[in-house]
Every structure is written in structure tokens, then in C-alpha cells.
Amino acid sequence: MKTIDYIKTWLEENLSAKRMHHSQGCADTAKELAKLFNLDENKAYLAGLIHDCAKNFDDAHLLDLIKNEIKEGFDPSELKNPKTYHAIVGAYFARKEFEIDDEEIISAIRCHTIGKTNMTTFEKIIFLADKIESNTRDEKYTKRIWKLIEKNKGVIGLDLALLKCFCETIKKLVSKRYYICANTIDVYNELQQNVGELLEEDGI
Ligand code: DGI
Ligand code: FE
Ligand code: FE
């Protein structure tokens with residue numbers, strides 16, 4: 001793996017200041033969540049730091065890389081909204097640019113935008129850290145999600161937080177009449193079946 005200094009310099013050169021601030025916030029929150037769930041804090045920090053490494057490349061370039069270099073490991077429905085491209089390319093860059101071979105880090109980056117059914121606890125905390133980091137995300141929203149994690153100890157808290165995030169994202173996508181990829185609906189349904197009733201009882 002490349003050194004953390006190399007990675008930070010690469011990110012500073014390839015991300016906007018705002019995106020860098022978000023990435024730093026995500027790294028810090030991922031570390032905090034990893035501590036709470038007894039997972040590797042350094043690994044979580046690294047995944048959080050690099051999760052959006054492909055975010056500031058233009059859509060045409062990302063699509064070109066996906067179609068001509070990456071070629072596999074995605075569903076065609078995932079390519080219907082350019083906002084999802086950076087997660088596919090981010091996982092690819094993590095391996096290629098940063099020489100990361102930890103599959104859990106790669107897969108957490110890969111699924112940080114649209115999620116995945118059957119996510120590991122590590123993948124869940126990276127997904128959530130991205131949505132609730134305090135540097136750039138809306139405070140009112142992040143507080144509500146944190147509350148779900150803290151009030152419901154263990155994986156149930158994470159699943160409730162994820163369900164809340166998916167509800168919000170889906171609502172936002174529908175309100176803009178955007179396409180929702182099949183995977184996002186599958187993840188929503190999985191969480192709805194697992195903890196849907198609990199979220200309703202919570203009144204949130
Ligand atoms: O990259 P970030 O802005 O930090 O966050 P992100 O990677 O979670 O989100 C990028 C955007 O992608 C977010 O506004 C929602 C949008 N998006 C587009 N299509 C889909 C989608 N999100 C999900 N979950 N599913 C989709 O099909
Ligand atoms: Fe992202
Ligand atoms: Fe992000």
C-alpha cells in the first residue's frame with residue numbers, strides 16, 4: 001500500500017477543498033464508529049478518507065473508465081445515474097492508485113453510494129460515516145441518525161440508521177424524478193424487513 005502521506009497528497013491534488021473536508025470528516029467519523037463497534041479504527045479511517053477519491057473527475061471520464069477499463073462488477077441499472085459512477089471508479093483507484101489490497105476496504109468504497117444487500121458491519125459503518133460526518137452534512141439530519149445508532153446498541157442501531165438514510169435518499173431521488181437503481185430498492189427492502197417495524201415505533 002502507498003503511504004498515508006502519498007494518499008493525502010493525491011487526494012488534495014484531485015479533490016476540491018470541500019470534498020477533501022468531507023473526506024476528512026468521513027475518516028474521523030468512520031474511526032469513531034469503528035471504535036464503537038470494536039472494528040479496526042485505522043482501516044475505517046483509511047476507507048473513509050478515500051471513499052470519494054473519484055468524485056471530482058468528470059462523468060464522461062468516469063464512464064469511459066467503467067466501460068473500457070473496469071468492465072465488470074456492476075449492474076447496467078447502476079449506470080443510469082452519473083452520481084453513482086464515482087463509487088465504482090473509487091474502488092478501482094483504491095487498488096490501482098493506492099495499492100490497497102484489503103478487500104473489505106475496497107468493497108466498502110464500492111458500496112458507499114448505493115449500498116449492498118447483506119453488508120458487513122464494516123461496510124455499514126463506512127456507508128453511514130459518509131452520510132453523517134459533521135464537516136459538511138446537515139446537522140439536524142446527522143443528529144437524528146446518530147441517535148438511532150446510540151439508542152439501539154449493536155447492529156440493530158446500524159440497520160435502523162441505514163434504513164433512515166435509504167428512506168431519505170429514495171425520497172430525494174423520487175422528488176427529483178431520478179432513476180433509482182435496482183440495488184437501492186433491494187437494500188431498502190432488506191432493511192425494511194429486518195428493522196422496518198422498529199423504525200416506525202421509534203416515531204421517526
Ligand atoms: O459522494 P457523496 O456526495 O459524499 O455521497 P454518495 O456517494 O452517497 O451520493 C451520491 C449521490 O448519489 C446521492 O445524492 C444519491 C445519488 N444517487 C443516485 N442514484 C442513486 C443514488 N443513491 C442511491 N442510494 N441509489 C441510487 O440509485
Ligand atoms: Fe460518494
Ligand atoms: Fe462521500
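Side chains included, hydrogens not; waters and symmetry mates left out as well; all remaining heavy atoms used. Every number for a ligand or one of its atoms is a count from 1 in the order of the listing.
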inquiry  = Ignoring hydrogens and geometry beyond distance, is a side-chain donor-acceptor pair present between Ser77 and Asp75 at under 3.5 Å?
reply    = yes
Side chain, backbone, both or neither: Ile170 near ligand 1, heavy atoms under 4.0 Å = neither
inquiry  = Does any N or O of ligand 1 fall below 3.5 Å from an N or O anywhere on Asp130, backbone included?
reply    = yes
key: Under the side-chain contact (heavy atoms from CB on, under 4.5 Å) test, residues paired with Ile185 that sit two or more places apart   = Ile180, Asn189
note = Nearer than 2.8 Å to the Fe ion (ligand 3), the protein contributes N, O or S atoms numbering 4
ask   = Using a heavy-atom cut-off of under 4.0 Å, does the side chain or the backbone of Asn81 touch ligand 1, or both, or neither?
value = side chain
Electrostatic pair Lys83:Asp59 at N-O distance under 4.0 angstrom = no
key: Geometric N/O contact Thr169 with ligand 1, under 3.5 angstrom   = no
request  = Check the side chains of Tyr45 and Gln24 for a donor-acceptor pair under 3.5 angstrom, ignoring hydrogens and angles.
outcome  = yes
ask   = Looking at atom 20 (C) of ligand 1, is any protein heavy atom nearer than 4.0 Å to it?
value = yes
query = Between Glu78 and Arg110, is there a salt bridge with N-O shorter than 4.0 Å?
reply = yes
key: ligand 1 contacted by Arg19 (non-hydrogen, < 4.0 Å)   = yes
note = Among His51, Lys131, His86, Arg137, closest by heavy atom to atom 5 (O) of ligand 1 is Arg137
key: ligand 1 contacted by Glu78 (non-hydrogen, < 4.0 Å)   = no
message = Would Lys124 pass as a cation-pi partner of Phe127, given that its NZ or CZ must be under 6.0 Å from the six-membered ring centre and within 45 degrees of the axis?
response = no
Tabulate below the donor-acceptor pairs under 3.5 Å that side-chain atoms of residues 29-40 make, not counting sequence neighbours, or state none.
residue, atom, partner, partner atom, Å
Thr29, OG1, Gly25, O, 3.0
Asp40, OD1, Asn42, N, 3.0
Asp40, OD1, Lys43, N, 3.0

query = Closest N/O/S atom of His86 to the Fe ion (ligand 2), by atom name?
reply = NE2
request  = Give a yes/no verdict on a cation-pi contact between Lys164 and Phe166, requiring under 6.0 Å between NZ or CZ and the six-membered ring centre and an angle within 45° of the axis.
outcome  = no
query = Is the closest N or O pair between Thr84 and ligand 1 shorter than 3.5 Å?
reply = no
query = Would Glu104 and Ser107 count as having a side-chain donor-acceptor pair, cut-off 3.5 Å?
reply = no
N/O donor-acceptor pairs under 3.5 Å from side chains in residues 92-99, not counting sequence neighbours:
residue, atom, partner, partner atom, Å
Tyr92, OH, Glu69, OE1, 2.3
Arg95, NH1, Glu103, OE2, 2.9
Arg95, NH2, Glu103, OE1, 3.4
Glu97, OE1, Trp10, NE1, 3.4

message = If you count every heavy atom of other residues, nucleotides or ligands that lies below 6.0 Å from Lys143 atom NZ, does the total exceed 12?
response = no
task = For atom 9 (O) of ligand 1, grab the closest protein heavy atom and report residue, atom and distance to one decimal in Å.
result = Thr113 CG2, 3.8 Å
inquiry  = Between ligand 1 and Cys181, is the shortest N or O to N or O distance under 3.5 Å?
reply    = yes
